[in-house]
Amino acid sequence: MITPENANELFKEFIAKEKFIKEGTYPGISDEKLKPTLTEKINSVAKDFQKVSESKKPKKENYLNVIKSGLAKFPEIELGYDSEDRERICSYFEELMDIVNLESSNGLLNKFYYGFNPNN
């Protein structure tokens, strides 16, 4: 995979923007006290994506490993966020994938959202 030239700038913009706010059909975070924790976690994933993008030969498998370990940072049962928040987390992962032109999570996002990959 080839990292786009403006990837670092896009990662910085992603990390800097306020997250879990009302946008489009997303009503905003279900529990305001979760916002700092979830924001910190998704920004950590963004930094991990950035590290892979800065490596000499970023590989799809490296990004998929970041997605897998990143999703593990969001244990729904422990935190108690709702399905809309879970969907928003997935959309943040998709934004990060778009920065590096990663077309698929190989079902990892579906498994996180649905508990299984509905494509299988």
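This one's a predicted model, so the numbers in the text were calculated from it and none came from an experiment. Just so you know, residue 1 is the first one in the sequence shown, and it goes up from there.
In this structure, E9 has no side chain to side chain donor-acceptor pair (under 3.5 Å) partners at least two apart in sequence or on a different chain. Shown here are the side chain to side chain contact (heavy atoms under 4.5 Å, CB included) partners of E103, two or more places apart in sequence or in another chain: there are none. With sequence neighbours excluded, no residue forms a ring-ring contact (aromatic ring centres under 6.0 Å, His included) with F93. The side chain to side chain donor-acceptor pair (under 3.5 Å) search around Y113 returns none, not counting sequence neighbours. Take E5 and apply the salt bridge (Lys or Arg N to Asp or Glu O under 4.0 Å) test, not counting sequence neighbours, and it matches no residue. Residues satisfying the side chain to side chain donor-acceptor pair (under 3.5 Å) test with D48, not counting sequence neighbours, are none. Every residue meeting the side chain to side chain donor-acceptor pair (under 3.5 Å) condition with S44, not counting sequence neighbours, appears here in chain and number order: K73.
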Give every donor-acceptor pair under 3.5 Å between a side-chain atom in residues 10-17 and any protein atom, sequence neighbours left out.
| unit_1 | atom_1 | unit_2 | atom_2 | d |
| --- | --- | --- | --- | --- |
| K17 | NZ | E95 | OE1 | 2.5 |
| K17 | NZ | E95 | OE2 | 3.3 |

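Put simply, the side chain of N101 reaches to within 4.5 Å of the side chain of P4, judged on heavy atoms. With a 4.5 Å cut-off on side-chain heavy atoms, V52 and T3 do not count as touching.
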> Can you check side chain to side chain contact (heavy atoms under 4.5 Å, CB included) on I99 and Q50, steps first, answer last?
Replying inline: CA-CA 9 Å; I99 291 173; Q50 187 173 19; over 6 Å; no
> What's the verdict on salt bridge (Lys or Arg N to Asp or Glu O under 4.0 Å) for K35 and E18, showing C-alpha distance, side-chain angles and the deciding distance?
Replying inline: CA-CA 10 Å; K35 186 175 175 180; E18 186 175 2; 2.5 Å; yes
>> For I42 and F74: C-alpha separation, side-chain torsions, deciding distance, then whether side chain to side chain contact (heavy atoms under 4.5 Å, CB included) applies.
In response: CA-CA 9 Å; I42 198 67; F74 296 92; 4.2 Å; yes
> What do the steps show when you test I29 against R88 for side chain to side chain contact (heavy atoms under 4.5 Å, CB included), and what is the final call?
Replying inline: CA-CA 9 Å; I29 191 84; R88 189 65 184 116; over 6 Å; no
>> Does K60 form a side chain to side chain contact (heavy atoms under 4.5 Å, CB included) with N106? I'd like the steps, not just the answer.
In response: CA-CA 10 Å; K60 180 179 179 180; N106 283 6; 3.4 Å; yes
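The NZ atom of K41 sits 15.0 Å away from the NZ atom of K19 when rounded to the nearest 0.5 Å. In this structure, CZ in R86 is found 13.0 Å from OG in S91, a value given to the nearest 0.5 Å. In this structure, OG in S83 is found 11.0 Å from CD1 in I89, a value given to the nearest 0.5 Å. Between the CG atom of L102 and the CD atom of E94 there is a distance of 11.0 Å, given to the nearest 0.5 Å.
For the pair S30 and D82, the tightest heavy-atom approach, listed with the atom from each and the gap, is CB-OD2, 3.3 Å. Residues V100 and S53 come closest through the heavy atom pair CG1-CB, 4.1 Å. Minimum heavy-atom separation, P58 to S55: CD-O, 3.3 Å. Nearest heavy-atom pair, N62 versus K57, reported as atom, atom and distance to 0.1 Å: OD1-O, 4.4 Å. Here the closest heavy-atom approach between residue P27 and residue E84 is recorded as CG-OE1, 3.2 Å.
Few gaps surround CD on E23; more than 12 heavy atoms of other groups in view lie less than 6.0 Å from it.
Listed by first and then second residue, the ring-ring contact (aromatic ring centres under 6.0 Å, His included) pairs that reach into residues 39-58 are F49-Y63, sequence neighbours excluded. Residue pairs meeting the ring-ring contact (aromatic ring centres under 6.0 Å, His included) criterion with at least one member in residues 16-35, sequence neighbours excluded, are F20-Y92.
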